[in-house]
*Asks:* 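Before I ask anything, let me first share the structure, which is written out below as structure tokens.
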Amino acid sequence: MRVAIAGAGLAGLSCAKYLCDAGHVPIVLEARDVLGGKVAAWQDEDGDWYETGLHIFFGAYRNMRQLIGELNIEDRLQWKSHSMIFNQKEVPGTYSRFDFPDLPAPLNGLAAILGNNDMLTWPEKIAFGIGLVPAILRGQSYVEECDQYSWSEWLALHNIPERVNDEVFLAMSKALNFINPDEISSTVVLTALNRFLQETDGSKMAFLDGNPPERLCQPIVDYVRAHGGEVHLDSPLREIQLAADGRVAGFRIGGIKGKEPQQIQADAYVSAMPVDPLKLLLPEAWKELPYFSKLDGLIGVPVINIHLWFDRKLTEIDHLLFSRSDLLSVYADMSNTCREYEDPNKSMLELVFAPAKDWIGRPDAEIVAATLEELKRLFPMHFNGDDQARLLKSKVVKTPQSVYKTVPGCQQLRPDQASPIPNFFLAGCFTMQRYLASMEGAVLSGKLCAEAVSRSSSGQPGASSQAAMAVV
Ligand SMILES: Cc1cc2nc3c(=O)[nH]c(=O)nc-3n(C[C@H](O)[C@H](O)[C@H](O)COP(=O)(O)OP(=O)(O)OC[C@H]3O[C@@H](n4cnc5c(N)ncnc54)[C@H](O)[C@@H]3O)c2cc1C
């Protein structure tokens with residue numbers, strides 16, 4: 001089958017890869033001139049890379065790791081020590097670590113939590129441990145039921161002190177979805193905790209060894225092309241055209257940068273666009289269908305990614321850091337963590353600025369100035385006194401609608417990869433799959449979508465991803 005796919009983020013590319021494996025011919029059409037969507041990156045005038053987001057790969061990302069293995073690029077993941085490192089609020093410039101010993105799960109996670117006495121007191125650890133018992137005993141069905149509560153509400157229901165939120169989950173919630181614990185669904189936090197506690201290497205982290213478009217997306221494109229598929233940049237989907245029987249008759253692709261507009265005809269059609277542009281392109285006739293009307297409740301959350309180049313080394317830490325700052329989420333010194341960005345003498349901090357709702361419309365200079373103020377707490381030794389670190393340059397990348405905002409009640413709105421239209425399918429991290437709005441979720445959604453397309457080609461109805469999830 002010929003399958004047209006709109007969007008060359010990780011979901012669209014993974015869908016194309018697995019369609020090739022199933023013997024189909026994907027044609028990927030990407031609106032922008034860069035691969036990767038939310039993992040896209042660009043080079044500045046000095047040749048330095050800047051990215052849409054600081055991206056971490058977790059040990060729990062089984063589908064991503066399988067894909068990377070199938071592409072023979074495992075050596076591009078730079079695994080870090082099995083730890084989580086938080087800035088200490090009360091003692092600027094110092095860190096508190098959760099170190100996972102070499103024990104099977106959940107013992108390594110429990111040892112990491114029990115071994116950290118900086119952030120949680122023993123009564124807090126015990127109250128939290130008791131709160132987690134239903135999640136441990138009842139698993140994912142309990143986790144899904146908890147989608148009615150925000151994380152702050154869930155903690156209150158289990159009599160867990162608010163301080164636990166301030167100490168640990170403010171940072172985790174911002175890292176997971178760029179919002180605070182009073183907004184985020186408890187399903188999201190419990191899903192992450194479950195993965196981290198149930199899989200021995202679940203919380204182990206890796207950085208890609210360079211810019212994602214070249215180091216991660218291009219190998220997928222090469223694979224797709226080698227198997228007879230096509231990938232086209234600068235090819236925005238402008239209209240989903242319908243046939244008289246209600247099926248998709250074609251994709252109308254806009255002509256930009258001197259290219260002619262095109263009509264793409266295929267046997268099946270996939271949207272691997274984010275949910276916000278997809279909603280704008282839905283044909284009028286589909287909007288009343290509950291499958292599509294539910295998408296109105298899924299809305300991209302704003303986030304800002306900041307890059308700061310300094311005249312010296314600010315830290316030697318080769319890991320992700322949880323800032324525990326009101327303005328910032330996680331950050332890393334990419335000159336230590338990423339081979340392509342390596343510099344033995346100068347730091348390049350990449351920092352996620354979240355929640356970004358009140359900042360997304362402000363000028364870059366204001367955002368950088370606010371971030372530098374925060375750095376005085378994170379690196380007091382470099383931003384006080386006579387010989388202060390000097391900012392050489394900065395880049396700010398704003399994403400006004402990034403992954404969908406995972407507020408309570410969203411789980412039931414997430415669509416299956418098979419739509420009610422027999423030849424139209426969805427991929428994207430917002431679609432239903434057991435991982436969150438993440439790179440792993442995007443890759444898995446693409447794989448599930450390819451399976452749904454294949455099932456439809458063999459005359460089987462597009463079975464739900466819930467059934468497919470059982471085999472992933
Ligand atoms: C700041 C930030 C930090 C993040 N950190 C992490 C992390 O540490 N770990 C993690 O796992 N995940 C992280 N994520 C989330 C992760 O990047 C996403 O979940 C994932 O990349 C989404 O992939 P996708 O393919 O579903 O969507 P996208 O990447 O958004 O891809 C959709 C593609 O569709 C294209 N498109 C849009 N409209 C059209 C059109 N009309 N025609 C054709 N194409 C179109 C877009 O240009 C884009 O290329 C982060 C995201 C951000 C923004």
Side-chain angles (χ1 to χ4, degrees), residues 41-56 78 80-81 83-97 118-119 166-167 170-171 174-175 178 207 211 303-356 358-398:
W42 303 266
Q43 257 173 317
D44 71 5
E45 49 291 352
D46 305 320
D48 291 321
W49 286 92
Y50 58 101
E51 311 183 327
T52 311
L54 169 61
H55 277 86
I56 302 297
Q78 295 183 249
K80 306 303 175 190
S81 67
S83 324
M84 287 191 175
I85 311 177
F86 291 70
N87 272 99
Q88 300 241 57
K89 271 189 180 172
E90 296 73 21
V91 198
T94 64
Y95 304 94
S96 177
R97 301 173 65 102
D118 303 324
M119 290 168 70
D166 297 342
E167 288 296 309
L170 189 65
K174 293 198 321 170
F178 319 129
F207 284 67
N211 74 87
V303 66
I304 302 171
N305 202 50
I306 301 170
H307 309 72
L308 303 176
W309 284 265
F310 287 97
D311 65 345
R312 68 193 66 185
K313 222 54 187 165
L314 298 187
T315 173
E316 297 296 333
I317 295 180
D318 176 13
H319 215 301
L320 183 76
L321 294 159
F322 291 81
S323 73
R324 295 172 78 210
S325 125
D326 289 340
L327 291 183
L328 303 173
S329 173
V330 287
Y331 68 103
D333 188 336
M334 300 296 278
S335 72
N336 302 331
T337 56
C338 171
R339 213 168 285 138
E340 192 181 17
Y341 306 164
E342 195 173 328
D343 191 321
N345 303 314
K346 294 180 190 143
S347 283
M348 190 277 257
L349 296 188
E350 196 168 328
L351 310 105
V352 180
F353 195 105
D358 298 332
W359 288 84
I360 197 89
R362 299 209 204 172
D364 291 359
E366 269 185 41
I367 295 167
V368 170
T371 304
L372 285 172
E373 276 305 304
E374 287 296 297
L375 292 190
K376 290 187 179 159
R377 187 178 64 77
L378 301 179
F379 300 100
M381 54 299 219
H382 294 296
F383 293 98
N384 285 308
D386 295 337
D387 182 27
Q388 295 194 19
R390 201 162 57 83
L391 180 66
L392 300 176
K393 63 177 178 178
S394 62
K395 277 277 180 204
V396 174
V397 181
K398 296 175 179 171

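Reckoned from all heavy atoms, side chains included, excluding hydrogens, waters and symmetry mates. Just so you know, residue 1 is the first one in the sequence shown, and it goes up from there.
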*Asks:* Once ring pair (Phe, Tyr, Trp, His ring centres under 6.0 Å) is applied, what residue pairs with a partner in residues 372-397 remain, sequence neighbours excluded?
*Replies:* F310-F383

*Asks:* Once ring-ring contact (aromatic ring centres under 6.0 Å, His included) is applied, do any residues pair with F178, and if so which ones, sequence neighbours excluded?
*Replies:* none

*Asks:* Nearest 0.5 Å, what's the OH-CG distance between Y341 and N211?
*Replies:* 5.0 Å

*Asks:* Donor-acceptor pair, distance only, cut-off 3.5 Å: does the side chain of E374 make one with the backbone of L328?
*Replies:* no

*Asks:* Using the rule given for side chain to side chain donor-acceptor pair (under 3.5 Å), can you reason through T337 versus K80, listing the C-alpha separation, both sets of side-chain angles and the distance that settles it, and then say yes or no?
*Replies:* CA-CA 8 Å; T337 56; K80 306 303 175 190; 5.5 Å; no

*Asks:* For residues W309 and D46, determine if any side-chain heavy atom of one lies less than 4.5 Å from a side-chain heavy atom of the other.
*Replies:* no

*Asks:* If you round to the nearest 0.5 Å, how far is CG of L308 from CE of M334?
*Replies:* 13.0 Å

*Asks:* Are any side-chain N or O atoms of R324 and backbone N or O atoms of N87, one a donor and one an acceptor, separated by less than 3.5 Å?
*Replies:* yes

*Asks:* If you draw a 6.0 Å radius around NZ in K346, do more than 12 non-hydrogen atoms from other residues or ligands fall strictly inside?
*Replies:* no

*Asks:* Return yes if some donor-acceptor pair links the side-chain N/O of S347 with the main-chain N/O of L349 below 3.5 Å, else return no.
*Replies:* no

*Asks:* Identify the two heavy atoms, one from K174 and one from A354, that lie closest to each other, and give their separation to 0.1 Å.
*Replies:* NZ-O, 2.8 Å

*Asks:* Taking all non-hydrogen atoms of both residues, which atom of S81 and which atom of R97 are closest, and how far apart?
*Replies:* OG-NH2, 3.9 Å

*Asks:* Ignoring hydrogens, what is the shortest heavy-atom contact between A332 and L320? Give both atom names and the distance.
*Replies:* CB-CA, 4.5 Å

*Asks:* For a 4.5 angstrom cut-off between non-hydrogen side-chain atoms, does L351 reach L375?
*Replies:* yes

*Asks:* For K398 and I367, what are the C-alpha separation, side-chain angles and deciding distance, and is it a side chain to side chain contact (heavy atoms under 4.5 Å, CB included)?
*Replies:* CA-CA 10 Å; K398 296 175 179 171; I367 295 167; 3.6 Å; yes

*Asks:* Write down the atom of T94, the atom of V91, and the distance for their closest heavy-atom approach.
*Replies:* OG1-O, 2.6 Å

*Asks:* Does a side-chain heavy-atom distance below 4.5 Å link Y331 with L378?
*Replies:* yes

*Asks:* Just verifying a value: how many Å separate D311 CG and D387 CG, rounded to the nearest 0.5 Å?
*Replies:* 8.0 Å

*Asks:* Indicate yes or no: does E342 engage R339 in a salt bridge with an N to O separation below 4.0 Å.
*Replies:* no

*Asks:* If every non-hydrogen atom of D166 is compared with every non-hydrogen atom of K89, which pair is closest and at what distance?
*Replies:* O-NZ, 3.8 Å

*Asks:* Can you list the steps and then say if K395 with D48 is a salt bridge (Lys or Arg N to Asp or Glu O under 4.0 Å)?
*Replies:* CA-CA 10 Å; K395 277 277 180 204; D48 291 321; over 6 Å; no

*Asks:* Rounded to the nearest 0.5 Å, what separates atom CG in D333 from atom SG in C338?
*Replies:* 11.0 Å

